Amino acid sequence: MSTFQLKIIASNKIFFNGEAQSIVVPHLDNGQIGFLAHHENCVLPIEVGEMKIITADSKQIDAFVGTGFLEFFDNSALLVCVSAELPEEIDARRAQEAKDRAEEEMRQRHSQLEYYHSQANLARAMERLKIKNRHTI
């Protein structure tokens with residue numbers, strides 16, 4: 001199968017750098033969007049959710065990805081995001097605490113901006129827990 005160069009840069013590390021057969025990322029409009037080799041050139045925003053990569057040697061990597069953007073140009077993809085974590089890197093206790101904190105913040109009366117921040121924090125925490133639970137052996 002054809003491959004393309006994929007580099008994923010999170011705010012604290014280079015998460016992946018190598019050849020890939022495909023990548024599927026969360027997208028605001030479509031839920032998820034996938035890319036294969038020789039995809040048309042584009043730049044699009046990435047939402048919080050689960051990312052799936054099939055490497056050149058057919059290994060599947062499932063991971064949590066935070067907000068960011070993906071640029072596909074000349075058979076090469078660059079994904080820049082706030083965070084990218086493998087399921088085993090997710091701290092379930094910490095994610096549960098963040099979820100509880102965000103739910104409490106949403107119950108309190110705040111400005112609309114603070115409500116949206118709490119809503120985003122809740123979405124991130126819930127996605128982390130969902131991915132951790134789905135991939136826990």
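Keep in mind it's a predicted model, so treat the numbers as computed, not measured.
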Subject >> Residues that S118 engages under side-chain hydrogen bond (donor to acceptor under 3.5 Å, both in side chains), provided they are two or more places apart >> reply: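 Per chain and number, S118 pairs via side-chain hydrogen bond (donor to acceptor under 3.5 Å, both in side chains) with E105.
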Rounded distance (nearest 0.5 Å) linking atom [atom1] of [X] with atom [atom2] of [Y]:
X	Y	atom1	atom2	value
C42	E71	SG	CD	9.0 Å
S83	N12	OG	CG	8.0 Å
L129	R93	CG	CZ	12.0 Å
R134	I131	CZ	CD1	7.0 Å
I46	F69	CD1	CZ	9.5 Å

Sequence neighbours left out, what passes side chain to side chain contact (heavy atoms under 4.5 Å, CB included) with [X]? Give chain and number order.
X	result
Q60	K52, I54, D62
A77	F4, L6, F72
E104	R107, Q108

Subject >> Intermediate values then yes/no, side-chain contact (heavy atoms from CB on, under 4.5 Å), I33 and V25 >> reply: CA-CA 6 Å; I33 188 165; V25 292; 3.8 Å; yes
Original post:
Any sub-3.5 Å donor-acceptor pair from K7's side-chain atoms to L78's backbone N or O?
Top reply: no
**OP:** Check for a donor-acceptor pair, side chain of N75 on one end and backbone N or O of H38 on the other, with a separation under 3.5 Å.
**Re:**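 Between the backbone of H38 and the side chain of N75 there is a qualifying donor-acceptor contact (under 3.5 Å).
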According to a hydrophobic-cluster definition based on side-chain heavy atoms being under 4.5 Å apart (Ile, Leu, Val, Met, Phe, Trp, Tyr only), do [X] and [Y] belong together?
X	Y	answer
V65	I61	yes
V48	M51	no
F73	F35	no

Is the closest side-chain heavy-atom distance between [X] and [Y] below 4.5 Å?
X	Y	value
L79	I9	no
L86	E89	yes
I14	I8	no
L44	H27	yes

**OP:** For atom CD of E88, decide whether the heavy atoms of other residues, nucleotides or ligands shown that lie under 6.0 angstrom number more than 12.
**Re:** yes
Subject >> Pairs where residues 15-25 contributes a residue and the test side chain to side chain donor-acceptor pair (under 3.5 Å) is met, not counting sequence neighbours >> reply: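 Sorted result for residues 15-25: T3-E19, Q5-N17, Q21-S58.
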**OP:** For the pair R101 and E97, evaluate salt bridge (Lys or Arg N to Asp or Glu O under 4.0 Å) and give the outcome as yes or no after the intermediate values.
**Re:** CA-CA 6 Å; R101 202 170 34 252; E97 288 171 357; 5.0 Å; no
Original post:
Are T55 and D57 close enough, and set up right, to give a side-chain hydrogen bond (donor to acceptor under 3.5 Å, both in side chains), and what steps lead you there?
Top reply: CA-CA 5 Å; T55 64; D57 56 356; 2.4 Å; yes
**OP:** Please determine which of M126, E127, K132, R128 meets the side-chain contact (heavy atoms from CB on, under 4.5 Å) test together with K130.
**Re:**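 Answer to the side-chain contact (heavy atoms from CB on, under 4.5 Å) test with K130 among M126, E127, K132, R128: E127.
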Subject >> Shortest non-hydrogen contact between A125 and A95, atoms and distance >> reply: CB-O, 3.5 Å
Original post:
With sequence neighbours excluded, what pairs up with E103 under the salt bridge (charged side-chain N to carboxylate O under 4.0 Å, His left out) test?
Top reply: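 Per chain and number, E103 pairs via salt bridge (charged side-chain N to carboxylate O under 4.0 Å, His left out) with K99.
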